Amino acid sequence: MPRIPSGYHVDGFPILAHTLGSVIYHVCFHPLRKVPGPFWSSVSPIPLLLMSWSGTPHKQIFALHQKYGGVVRTSPDSVSCLHATAWKEVYGHRKPGQPENLKHPGFVAEVAEGIIGADTETHKHQRHLLASAFSAQGMQRQEPLIRHHVDLLFRRLEEHRMQGKSIDVAKWFNYFSFDIIGDLSFGESFGNLDRGEFHPWIATILEFFVAQHDMAHFRRAYPWLEAMIGPIVKILAAKIITKHNLFMRGQVEKRLALEPSRPDFIDGMKPDRTRGKEGLSFEAICHNASIFVVAGSETTALALSGATYLLCTHPKILAKLKEEIDSSFDSEDEITLRSAQRLKYLTAVLDETLRIYPAAVGSVPRLIQPHGEVVGGHFLPGGTSVDIWHWAMYHNPANFIEPEVFAPERWLGDPRFEGDKKVAFQPFSTGKRSCIGQNLAHSEIKQIMARLLWKYDVTLVDREWYEKPWHDQPVRASYVHPPLNVRLSLRPEKLKLSYLG
């Protein structure tokens, strides 16, 4: 009889028994056992972690839902939802006395004192302070500042046209969006449009953003290991963290020292003893400024780039949009934040762009409140982590008819799309934590697109994007997009006009 290796009963068996017991519990007795999903996802967080770190998490989660349905178990304590009513069930306003489903703390740890990571009462207070700056009236007060940056963007576009050069509009839209959000957050632009390249700190914050994303998914998978590994990660990333924090704090300090007040975001957050306004702490202001810079720039630049590409490859839709713009404005100067809001077809084009190419690709998971919730017909116990992936939700044929077709008419009552479940479309989230900056994003995007198409014919330079979709891109926290090179030419009917800047 072969000899059993010494130590097997002492060391190996308890580990094996514990592992086997854990598998049996998660498969047979866990409260999420009836939620369909892959076997390995029900017993280990590793498949979800690896998927989140891959370049195609949005497509992999979509494939899981096509196989298992509207609610899928993606790890022992996590589910993903793609049914249309999930937004209301998980993110929606709560009944009196019912606690909200807060964001997973591992995903907001670096900005815990800011508006996206705050607890319910703190969030309510911060949103109240910021409401005026982000309101429609706030946009009007900020219009001269916004107009300055829009004008500068168009001067740069015109320089390329006059020199006969093509231009990577995706890059220049990014320069613009970071410049304007820097001005609104810190009291001064990053100067990207002036220098024709990114401010050095922007590369730092984008690296910081990706690192936050990767670490957040690790915290979610192994929260008990984070206490040990977190300090090591901070040591390894000490240089980028220090550089980020020094710049951020320095910019906020300079902005707080500015007098008199200016109509920007920090004006709403800073204390004002003369008016009895408490304001926010310095740390909370820094956290919010960091949030605004990333979230406020990405949405605008991606939507502008996506709309430009989709219109270039859909000439009939482009022609219809130009007809609306031409019939609404006699001169470029008439196109303002307010006047561009009236363009109904442009609004539909923007909505359809954000459906096909949403700026928020993935999910910031919510934790189900302690008493549990019924979501998609499944009872989810308190503490369950719930994801709603924007890209997968909007490409789900159960929610949208012909989801891969770019059709602005679906937002204008076209009977072909009467089966669409419009409640599934929430590009700026929903509920009390919906994106506070959506007015700003819409205002910037509509004004720029209206001016661009009023004046120019825009054609793609790289022929490959006529054959394959430019917007089909890998994802690492956000899209990793290639250049979008276009050539601008004055529209024949506008040739009599000269651009003076």
Side-chain angles (χ1 to χ4, degrees), residues 1-54 56-83 86 89-90 99 101-107 109 214-230 362-389 392:
M1 181 177 180
R3 183 182 176 187
I4 298 174
S6 63
Y8 175 81
H9 287 87
V10 177
D11 299 320
F13 184 73
I15 295 174
L16 179 62
H18 179 271
T19 301
L20 184 59
S22 176
V23 169
I24 292 173
Y25 168 73
H26 283 113
V27 173
C28 301
F29 301 103
H30 194 281
L32 296 179
R33 65 188 180 278
K34 293 183 180 180
V35 179
F39 169 80
W40 290 111
S41 294
S42 69
V43 299
S44 171
I46 292 177
L48 179 59
L49 178 62
L50 294 179
M51 182 190 75
S52 301
W53 285 351
S54 75
T56 56
H58 55 312
K59 294 185 177 181
Q60 292 183 48
I61 201 75
F62 177 78
L64 287 178
H65 280 279
Q66 294 306 292
K67 182 175 182 179
Y68 293 103
V71 183
V72 176
R73 190 178 183 186
T74 52
S75 82
D77 299 305
S78 300
V79 300
S80 174
C81 300
L82 286 197
H83 59 287
E89 293 169 345
V90 180
N101 301 317
L102 293 170
K103 292 179 180 178
H104 194 297
F107 280 72
D214 291 348
M215 194 61 194
H217 284 287
F218 183 80
R219 289 193 195 101
R220 176 188 194 170
Y222 295 106
W224 53 276
L225 272 179
E226 205 273 332
M228 293 185 289
I229 295 179
S363 165
V364 175
R366 297 289 184 100
L367 290 181
I368 294 296
Q369 50 91 8
H371 301 296
E373 300 269 7
V374 175
V375 177
H378 295 273
F379 177 77
L380 306 182
T384 302
S385 180
V386 181
D387 288 291
I388 303 178
W389 285 69

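None of these values were measured; they are calculated from a predicted model.
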Of all heavy-atom pairs between [X] and [Y], which one has the smallest distance, and what is that distance?
X	Y	answer
Val35	Arg73	CG1-N, 3.5 Å
Ala392	Phe62	O-CD1, 3.9 Å
Pro31	Pro381	CB-CG, 3.6 Å
Val72	Pro38	CG1-CD, 4.4 Å
Ser52	Pro57	CA-CB, 4.2 Å

Legend entry - Name of the residue among Tyr222, Trp53, Phe107 meeting ring pair (Phe, Tyr, Trp, His ring centres under 6.0 Å) with His217: Phe107

Legend entry - Check: Leu48 and Ser80 side chains under 4.5 Å, non-hydrogen atoms: no

Inset, instruction - Side-chain contact test, heavy atoms from C-beta onward, threshold under 4.5 Å: evaluate it for Pro36 versus His378 and give yes or no. - result: yes

Inset, instruction - Given side chain to side chain contact (heavy atoms under 4.5 Å, CB included), test Val386 with Asn101 step by step and report yes or no. - result: CA-CA 9 Å; Val386 181; Asn101 301 317; over 6 Å; no

Legend entry - Main-chain N/O of Gly69 paired to Gln66 side chain as donor or acceptor, under 3.5 Å: no

Legend entry - ring pair (Phe, Tyr, Trp, His ring centres under 6.0 Å) involving His30 - partner list, sequence neighbours excluded: Tyr25, His26

Inset, instruction - Sequence neighbours left out, what passes ring pair (Phe, Tyr, Trp, His ring centres under 6.0 Å) with Tyr68? Give chain and number order. - result: none

From [X] [atom1] over to [Y] [atom2], what is the distance, rounded to the nearest 0.5 angstrom?
X	Y	atom1	atom2	result
Phe29	Ile24	CZ	CD1	7.5 Å
Gln369	Thr384	CD	OG1	10.5 Å
Ser385	Leu32	OG	CG	10.5 Å
Arg220	Asp387	CZ	CG	4.0 Å
Ser363	His58	OG	NE2	14.5 Å
Arg366	Cys81	CZ	SG	12.5 Å

Inset, instruction - May I have all residue pairs that pass salt bridge (Lys or Arg N to Asp or Glu O under 4.0 Å) and include part of residues 22-51, sequence neighbours excluded? - result: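 For residues 22-51: none.
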
Inset, instruction - I would like to know whether His83 and Val375 meet side chain to side chain contact (heavy atoms under 4.5 Å, CB included); could you show each step before the answer? - result: CA-CA 9 Å; His83 59 287; Val375 177; 3.8 Å; yes

Inset, instruction - Decide side chain to side chain contact (heavy atoms under 4.5 Å, CB included) for Met51 and Thr74; before the verdict, give the C-alpha distance in whole Å, the side-chain angles of both, and the deciding distance to 0.1 Å. - result: CA-CA 10 Å; Met51 182 190 75; Thr74 52; 5.7 Å; no

Inset, instruction - Kindly determine whether Ser42 and Val27 satisfy side chain to side chain contact (heavy atoms under 4.5 Å, CB included), including the steps that lead there. - result: CA-CA 7 Å; Ser42 69; Val27 173; 3.9 Å; yes

